[in-house]
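In what follows, every heavy atom counts, from backbone to side chain, and hydrogens, waters and symmetry copies are set aside.
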Amino acid sequence: MQVVKFKKEVDVDNYVRETLKNIGLELGKDFFDKNASDYLKNALKGASKTKIAKGKGTPDFTIECYNIPVIIECKLGLNKLEKTLNNTIDLTQGSTEKYALNGALHYANHLIKTNKYKEVIAIGVAGDNSENIASKILYVYNTNTYTESKSKNYSFLENEDSFNAFYDEIILSDEQKHKFLLQKRELITKHAKNLNKIMNDYSISTHERALYVAACLLAQQDITDKNGKVLVKGLKEDDLSGTENEKFRDSIKIKEHIEKFLQNKDLPEDKVALMISAFSRISTNALRDRPKEENHKFLKNILKDKASINKQVFVYIYENIFKEINVLNKNSKFYDVMGELYNEFLKYAMNDGKMGIVLTPSYVTKMMAKILNINETSRVMDLATGSAGFLISSMDLMMQCAKANPTKSIKEINQSIKELKATQLLGIEENTDMYALATTNMILRGDGSSQMIQNDSFDNALDSVLKEFKADRILLNPPFSYRENGMPFIQRGLDNMLPYSLGAIIIQDSAGSGKAEDTNKAILQKHTLLASIKMPTDLFEPMAGVQTSIYIFQAGIPHDFEKVVKFIDFRNDGYKRTNRNLAEIDNPIQRYEDILQIYKNGLNAKVKAQWNLKEIYIEDFISDKGNDWNFDQHKRIDTKPTLEDFKKCVSEYLAWEVSNVLKNNAKEDLRGKY
């Protein structure tokens, strides 16, 4: 792309104007250049930045297509972006005239003073050329009271959803966001439990329940063209009539909408056929499309008329799950939590893991992805994909990095996101039902084209696929029932990665203490064990009561047994898991942030939660036997007494002596009485 040098301030204006057009805004309709609506112009009377006291204020650009007005001021030269005075934006006349952000804030303050607006978005833009340009964005909600956005580009102006997501992000404090997420988690967990009860009462088998959820969620999606125009609306309550006519049964309508939706996604025919085959099972029992004499107790306040089993399930999902997913997906800040909510729902749908599948909580998949430093250029694979939790957390981090890239235009950022979704994520899942769930999970997050493959990960036919993908990151939670607890999965991945690539696996402790010696020895001959993190003992409750650790590897570099491995005890992650509830007892959010610092910096880590780093962090050597990979095998018990130990011992001895003296005196007193 040719670099355009800015010679005059109008060149910066031209850059901003074209940027707004490129994200889809129409000049004269969605935004104005040196102009505004009559209402806004009236509110700007007397807002001039010059010495003319009653002069009309004229921002460089105004955007009024959303609920809050956006003011943009442009200046030539990076040094003209902002001027501060005593750590606040200087609003003296000279500064508001000469600096972009100062001028934008000046206009925003005036608009709020008029009481015509309660909130304003103020943006300052300054630069030297098209590649050396900077922006700052303020949310102004009172006179000279504002919050600065972390965003440095204008992608949030693209449409109403992105603007609302930006708004939710900037107005909520971290504490409020966390409280919001806890409420949503509890709400969806409650509905997941209720839905599982409905399905159980209607004799929908355990292995069908997760498919029912995925099928209904897909059937509720609108079918759109490439520009987002709705071609066919998603199914709603009134579309299901409970007829027993074979062509119009409720489950047939659900299946047919899914088929049209998937075909419209330009997915490979074999992928569509495989998913349709899995979802078709919900339509095999015609009795479930016959209206019941009485609706389930959980539907009585939702459905007035008699409804079929399939309609009852569909409506409950729509009212209590689908709507919540849509709310969460509008805000990228909650993107990773959606994986957790979806997985929580699947726990109930799969009846406490009796399908033999244990899903990793999203706060753990997110932590593992961050430990591997996944970014917009990463190529991530998972050879035991499950519900795609690892790929979703990875995709979220990749998208965040892409959006935060200050050197790219909005158009380039959107292209990067499209590219990474389509080509930089590889998932392989053998179980047909889980494959359908994983693909649905990705689609619900705006990605239907990632490379999801239904196959045995050890099939030789995949050799060329793995080599050509050139993964530089792998994340895994393999089936623990597999040979050697599933360690061959990470070996398979590491053997097909570029040198210096990184991998992480969460697995049973026994895999690192003797049960997977053969695979572990083979891994160490080609790859390096970097770290071992002991996870909470109740992590997978109630799905499975297993002791687990995370092993982190560097691919293509044989293990140097003269170098230490990092061992971290993360049994106290701040959560307590009881009876399907996740309770916060010791600052878990901060602890999951701290663990990244501990992994990077060991005893020198700057942590915020309460830790005894000397107790939970060890650096030690491992042997070539592959059976000493767990924290407890390297924890040293210090038997040398300290001064505190001595004081305690003396104190206890003296207390014992005094106690004996008192007892003897008491006995003497008693003898004296007789």
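Between M381 and M497 there is a side-chain heavy-atom pair separated by less than 4.5 Å. Contact of the L529 side chain with the F553 side chain is registered, since non-hydrogen atoms from C-beta on lie closer than 4.5 Å. Within the 4.5 Å cutoff, the side chain of D250 has no heavy atoms near those of the I309 side chain. By the 4.5 Å heavy-atom criterion applied to side chains, D222 and V232 are not counted as neighbours. Here the side chains of F390 and I474 are not in contact, with every heavy-atom distance at 4.5 Å or above. L383 places none of its side-chain heavy atoms less than 4.5 Å from the side chain of I490. Within the 4.5 Å cutoff, no side-chain heavy atoms of D270 are placed close to those of L274. No side-chain heavy atom of Q547 sits less than 4.5 Å from a side-chain heavy atom of M535.
A distance of 5.5 Å separates CD of Q491 from CD1 of I523, quoted to the nearest 0.5 Å. A distance of 10.0 Å separates CD of E256 from CG of L235, quoted to the nearest 0.5 Å. The CG atom of N572 lies 4.0 Å from the CZ atom of R591; values are rounded to the nearest 0.5 Å. Taking CE from M395 and CG from L397, the interatomic distance works out to 11.0 Å, rounded to the nearest 0.5 Å. The distance from the CG atom of D472 to the CD atom of Q424 is 8.5 Å, given to the nearest 0.5 Å.
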ring-ring contact (aromatic ring centres under 6.0 Å, His included) between Y599 and Y617, worked out: CA-CA 9 Å; Y599 170 75; Y617 181 83; 9.2 Å; no

side-chain contact (heavy atoms from CB on, under 4.5 Å) assessment of Y592 paired with K370: CA-CA 10 Å; Y592 273 87; K370 285 186 173 181; over 6 Å; no

Test side-chain contact (heavy atoms from CB on, under 4.5 Å) applied to V465 and I453, step by step: CA-CA 10 Å; V465 174; I453 299 173; 3.8 Å; yes

CA sep, side-chain torsions, deciding dist, call: I533, I371, side-chain contact (heavy atoms from CB on, under 4.5 Å): CA-CA 11 Å; I533 303 175; I371 284 176; 3.8 Å; yes

side-chain contact (heavy atoms from CB on, under 4.5 Å) assessment of I568 paired with K534: CA-CA 6 Å; I568 303 171; K534 173 63 182 174; over 6 Å; no

Worked check of side-chain hydrogen bond (donor to acceptor under 3.5 Å, both in side chains) between Y212 and N310: CA-CA 9 Å; Y212 256 91; N310 286 327; 2.8 Å; yes

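Pairing each heavy atom of I506 with each of P478, the nearest pair is O-CD, 3.6 Å. Counting all heavy atoms, side chain and backbone alike, K255 lies closest to S280 at CD-OG, 3.3 Å. When all heavy atoms of M487 and A511 are compared, the pair lying nearest together is CG-CB, 3.7 Å. In terms of heavy atoms, S394 sits closest to V380 at OG-CG1, 3.6 Å. Across Y435 and M452, no two heavy atoms sit closer than the pair OH-O, 3.4 Å. Across all non-hydrogen atoms, the minimal contact from N264 to T224 is ND2-O, 2.6 Å.
D289 and S251 share a side-chain donor-acceptor pair at under 3.5 Å. A donor-acceptor pair shorter than 3.5 Å cannot be found between the side chains of Y363 and D573. When only modelled atom types and interatomic distance are considered, N159 and S162 share a side-chain donor-acceptor pair under 3.5 Å. Using modelled atom types, one finds a donor on one side chain and an acceptor on the other under 3.5 Å when comparing Q508 with N485. Side-chain contact check for N630 and Y551: at least one donor-acceptor pair (N or O, by modelled atom type) lies under 3.5 Å. Between H527 and D495, the side chains place a donor N or O and an acceptor N or O closer than 3.5 Å (distance only, hydrogens not considered). Remark: the T365 side chain and the S393 side chain contain an N/O donor-acceptor pair separated by less than 3.5 Å. A side-chain donor from one of T519 and E484 sits under 3.5 Å from a side-chain acceptor of the other. Judged by distance alone, the side chains of N200 and R209 do bring a donor and an acceptor atom under 3.5 Å apart. Counted by atom type alone, E158 and S155 present zero donor-acceptor pairs between their side chains at under 3.5 Å.
The aromatic rings of F567 and H634 lie parallel to each other, with less than 30° between the two planes, well short of the 60° mark. The aromatic rings of H191 and Y316 stand perpendicular to each other, their planes meeting at an angle above 60°, with 30° marking the opposite boundary.
A donor-acceptor contact shorter than 3.5 Å is absent between the side chain of R483 and the backbone of P488. Side-chain atoms of N455 never come within 3.5 Å of backbone atoms of S457 as a donor-acceptor pair (strictly under, hydrogens ignored). Formation of a donor-acceptor pair under 3.5 Å by the S501 side chain with backbone atoms of L498 is found in this model.
Remark: D509 does not engage K515 in a salt bridge, criterion side-chain N to carboxylate O under 4.0 Å. A salt bridge is absent between K566 and D620; no separation between the charged side-chain nitrogens and carboxylate oxygens falls under 4.0 Å. The pair R281-D433 meets the salt-bridge criterion, since a charged nitrogen lies less than 4.0 angstrom from a carboxylate oxygen.
Identified under the ring-ring contact (aromatic ring centres under 6.0 Å, His included) test for residues 250-280, with sequence neighbours left out: none.
A cation-pi arrangement is present between R379 and F469 under the rule of less than 6.0 angstrom and at most 45 degrees off the ring axis.
Looking at residues two or more places apart in sequence or on another chain, you find a side-chain contact (heavy atoms from CB on, under 4.5 Å) between K635 and E615, I618, F631. Partners of R571 according to the salt bridge (charged side-chain N to carboxylate O under 4.0 Å, His left out) rule, which considers only residues two or more places apart in sequence or in another chain, are D569, D632.
Ring-centre distance between Y482 and F458: below the 6.0 Å cut-off.
Of the residues I622, L530, I552, the one that meets the side-chain contact (heavy atoms from CB on, under 4.5 Å) test with V565 is I622.
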